[in-house]
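This report refers to the structure that appears directly beneath it.
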Amino acid sequence: MLDIKLIRNEPDMVRAALSRRGPHAVAALDTLLELDKQRREMLVAVEEKRSLRNSVSEEIAVAKRNKEDASAKIEAMRAVGDEIKAIEARLKDVEAELEAELLQVPNLTDESAPTGGEEDSEVMYKWGTPRQFSFMPKDHLDLAGPADMIDMERGARTSGSRFAYLKGDLVFLQFALVQFALQKLASKGFRPVIVPVLVRDEAMFGTGFFPTDTQQVYRVEADDLNLVGTSEVPLAALHMDEILDESDLPVRYVGYSSCFRREAGAAGKDTRGIFRVHQFDKVEMFSFCAPDKSREEHDFMRSIEEEVLQDLGLPYQAVNIAAGDLGAPAAKKYDLEAWLPTQERYREVTSCSNCTDYQARRLKVRAKGEKGSPYLLHTLNGTVVALGRTMIAIMENYQNEDGTIAVPAVLKPFLPAGKEVLGG
RNA sequence: GGAGAAGUGGCCGAGAGGCUGAAGGCGCUCGCCUGCUAAGCGAGUGUAGGAGUGAAUGCUCCUAUCGAGGGUUCGAAUCCCUCCUUCUCCGCCA
């Protein structure tokens, strides 16, 4: 959410920063300004009347104590009370409307995010060299299917399409990756957290997934809860309504959770294997930091993501996402895309976003120093390891001609002793 | 799931329709004082919104805020309703 005061005081700047996302992003600005004006007018009116009522009520109290007659004043205040109620009712409507509009407005874009849509995202650089195969490489499902490490058919029978059973060595691989990631992140000051994956609407609104992305979310109607699509949601909400101690910043967490996505609108896209499924597990980092440090923190997160892929020996490219392709809460986003030999292209495996104060304003996460007033923090999130996609990349890049999969050296300590290949 | 109890400032804790933004204590900040420290004395110390004013750190005033939201009343921390959270007991369960 943007600060209404910023929109009020610097409408041209706001309009310019938002229009880089496309025309839809600025559509509501005039309405917003008009509603804000109405709201403030009503506020002045109602506050004047409340002030009057407060002072006269005080006089009534004094009169009663002195055993004097106050019936005229009481009568007058009864009328004022009715007027207050009338204005309050209209004010409430205007505020609700203002809030609803404001919730739809995406974050301002960072000037270093490229202008334009998806096709304008900028490949910043590449790392590593895609492997030259002396045989025809198989895709992840051709590798893991015959070895009975991925079972799509039974996943579909149990839960429907885009659900899978992962079995055997793939399960060991997943937990090895989790251990590897958690230990690396812990050593960099990120506190490991296992989060609730069912969250209230507040958490979804607070992180900016609601009201715009409701169709992507599994909702448990009976309890008014939502299954999270990423542990970003419960991690961001971890300090909702809190004022953190400035000296503790940055506050960094690494979460591990299952993630649930309806993938509405993705019909027919990435239908093979586990590249795009309704449920997957992910190790996610999250940071609350001082406003003037978030760019630095964003680069730090990207460097961690790169370190993970480099440690795993997976060739990748880093992409600076264009303004028009950013999610609503993000001011700037980097994706890392790993090389998939059978698709002969780079595919997204991690993503990290600087949400500036957009989520913090909604969630009311602030910090305060020795002196001065509380201020909103900046929030950042980034994928450490998206387990499904990272395992796909490992399988495809590390495959042997016989269909087994070699193990990246850094994972060996986290796999069962003596396991040299997966799926053998 | 059933039955009870409770939620007050950074913390503890009083208050039970008006004189309460909230006693008292602790903590914290500033000042005074005392060889140092401790103690003592004095003052200050929540958040948000709005109006006015200034070049500006700001200042003045108003409004709201005693878990959240409604209601009763001229007036609600205090009375009523709904919800949330915590605790105790019973049931169930990994």
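Computed from a predicted structure; not experimentally measured. Residue numbers start from 1 in every chain, and the chains themselves are labelled A, B, ... in the order their sequence lines are given, proteins ahead of strands.
Judged by Watson-Crick or G-U wobble contacts below 3.5 Å, the nucleotide B/rA39 has no partner. Base pairing of B/rU20: no nucleotide in any strand meets the Watson-Crick or G-U wobble criterion (both distances under 3.5 Å). In this entry B/rG91 has no Watson-Crick or G-U wobble partner, no candidate having both defining distances under 3.5 Å. A 3.5 Å limit on both hydrogen-bonding distances identifies B/rU63 as the Watson-Crick or G-U partner of B/rA48. Nucleotide B/rU85: paired with B/rA6 (Watson-Crick or G-U wobble, both distances less than 3.5 Å). Using the Watson-Crick or G-U wobble rule with both distances under 3.5 Å, B/rU72 pairs with nothing in any strand shown. B/rG58 is paired with B/rU53 under the Watson-Crick or G-U wobble criterion, all donor-acceptor distances under 3.5 Å. The partner of B/rU34, taking Watson-Crick or G-U wobble pairs whose two distances both stay under 3.5 Å, does not exist in any strand shown.
If you check the side chains of A/Thr383 and A/Lys282, you find no donor sitting under 3.5 Å from an acceptor.
Taking atom P in both B/rU47 and B/rC41, the straight-line distance is 28 Å, to the nearest Å. A distance of about 16 Å separates the P atoms of B/rU45 and B/rC62, rounded to the whole Å. For B/rG21 and B/rC30, the P atoms lie 30 Å apart once the distance is rounded to whole Å. One P atom belongs to B/rU63, the other to B/rA16, and the distance between them is 24 Å to the nearest Å. Spacing between B/rG4 and B/rU8 at atom P, rounded to whole Å, works out to 23 Å. Comparing the P positions of B/rG46 and B/rU34 gives an interatomic distance of 31 Å, to the nearest angstrom. Rounded to the nearest Å, the gap between the C1' atom of B/rG13 and that of B/rU72 is 30 Å. Atom name P, nucleotides B/rU85 and B/rA76: the rounded distance is 28 Å, in whole Å.
Interatomic distance, A/Leu98 CG to A/Gln38 CD, rounded to the nearest 0.5 Å: 9.5 Å.
Positionally, the nearest nucleotide of RNA chain B for A/Asp3 lies more toward the 5' end than for the other of A/Ile74 and A/Asp3. Take the nearest nucleotide of RNA chain B for A/Ser55 and for A/Glu58: the residue whose nucleotide is more 5' is A/Glu58.
Checking the phosphate oxygens (OP1, OP2) of B/rU72, a side-chain nitrogen or oxygen of A/Lys85 falls inside 4.0 Å. Residue A/Asn54 has no polar side-chain atom (N or O) positioned under 4.0 Å from OP1 or OP2 of B/rG75. Distances shorter than 4.0 Å separate some side-chain N or O of A/Ser51 from OP1 or OP2 on B/rU63. Contact between the side-chain N/O atoms of A/Arg65 and the OP1/OP2 oxygens of B/rG75 is not found at any separation under 4.0 Å. Within the structure, every side-chain polar atom (N or O) of A/Arg8 is placed at least 4.0 Å from both OP1 and OP2 of B/rG49.
The distance from atom CD of A/Glu59 to atom C1' of B/rC74 is 11 Å, rounded to the nearest whole Å. Remark: P of B/rA51 and CZ of A/Arg39 are 9 Å apart, rounded to the nearest angstrom. Rounded to whole Å, atom P of B/rG50 lies 10 Å from atom CG of A/Asn9. The interatomic distance linking A/Glu202 (CD) with B/rC83 (P) rounds to 16 Å, in whole Å. Distance, A/Lys92 NZ to B/rA64 P: 17 Å, rounded to whole Å. The distance from atom CZ of A/Arg50 to atom C1' of B/rU73 is 16 Å, rounded to the nearest whole Å. Counting to the nearest Å, the P atom of B/rC83 and the CG atom of A/Leu225 are 16 Å from each other. The distance from atom CD1 of A/Ile84 to atom C1' of B/rU73 is 13 Å, rounded to the nearest whole Å.
Contacts of A/Lys49 with the nucleic acid, taken as non-hydrogen atoms under 4.0 Å apart, are absent. Using a 4.0 Å heavy-atom criterion, one finds that A/Ile60 contacts the bases of the nucleic acid, with or without backbone contacts as well. Here A/Arg53 lies in heavy-atom contact (under 4.0 Å) with sugar-phosphate atoms only.
Side-chain proximity of A/Lys5 to the nucleotides B/rG18, B/rU72, B/rG50 is greatest for B/rG50. In the set B/rU47, B/rG50, B/rG70, the nucleotide with an atom closest to the side chain of A/Val44 is B/rG50. Among B/rC62, B/rU47, B/rC74, the nucleotide with an atom closest to any side-chain atom of A/Lys368 is B/rU47. Taking every side-chain heavy atom of A/Pro374 into account, B/rU47 is the closest of B/rU47, B/rC74, B/rG70. Of the listed nucleotides (B/rA51, B/rU72, B/rU63), B/rA51 has the atom at the smallest distance from the side chain of A/Arg40. With B/rG70, B/rA48, B/rG50 as the choices, the nucleotide that has an atom nearest any side-chain atom of A/Arg366 turns out to be B/rA48.
Of all the heavy atoms in A/Ala45 and A/Ile87, the pair that sits closest is CB-CD1, 4.2 Å.
Between A/Glu307 and A/Lys184, at least one side-chain nitrogen of the basic residue sits less than 4.0 Å from a carboxylate oxygen of the acidic one, meeting the salt-bridge criterion. A salt bridge links A/Asp30 to A/Arg15: at least one charged side-chain nitrogen sits closer than 4.0 Å to a carboxylate oxygen.
A distance of 6.0 Å or more separates the ring centres of A/Phe163 and A/Tyr165. Aromatic ring centroids of A/Tyr253 and A/His239 lie under 6.0 Å apart.
Panel note: side chain A/Arg272, backbone A/Leu141; no donor-acceptor pair is recorded below 3.5 Å.
Proximity of A/Asp335 to A/Ser351: side-chain heavy atoms (C-beta onward) are separated by under 4.5 Å at one or more points.
The base of B/rG49 sits with one of its N or O atoms less than 3.5 Å from a complementary donor or acceptor on the side chain of A/Glu47.
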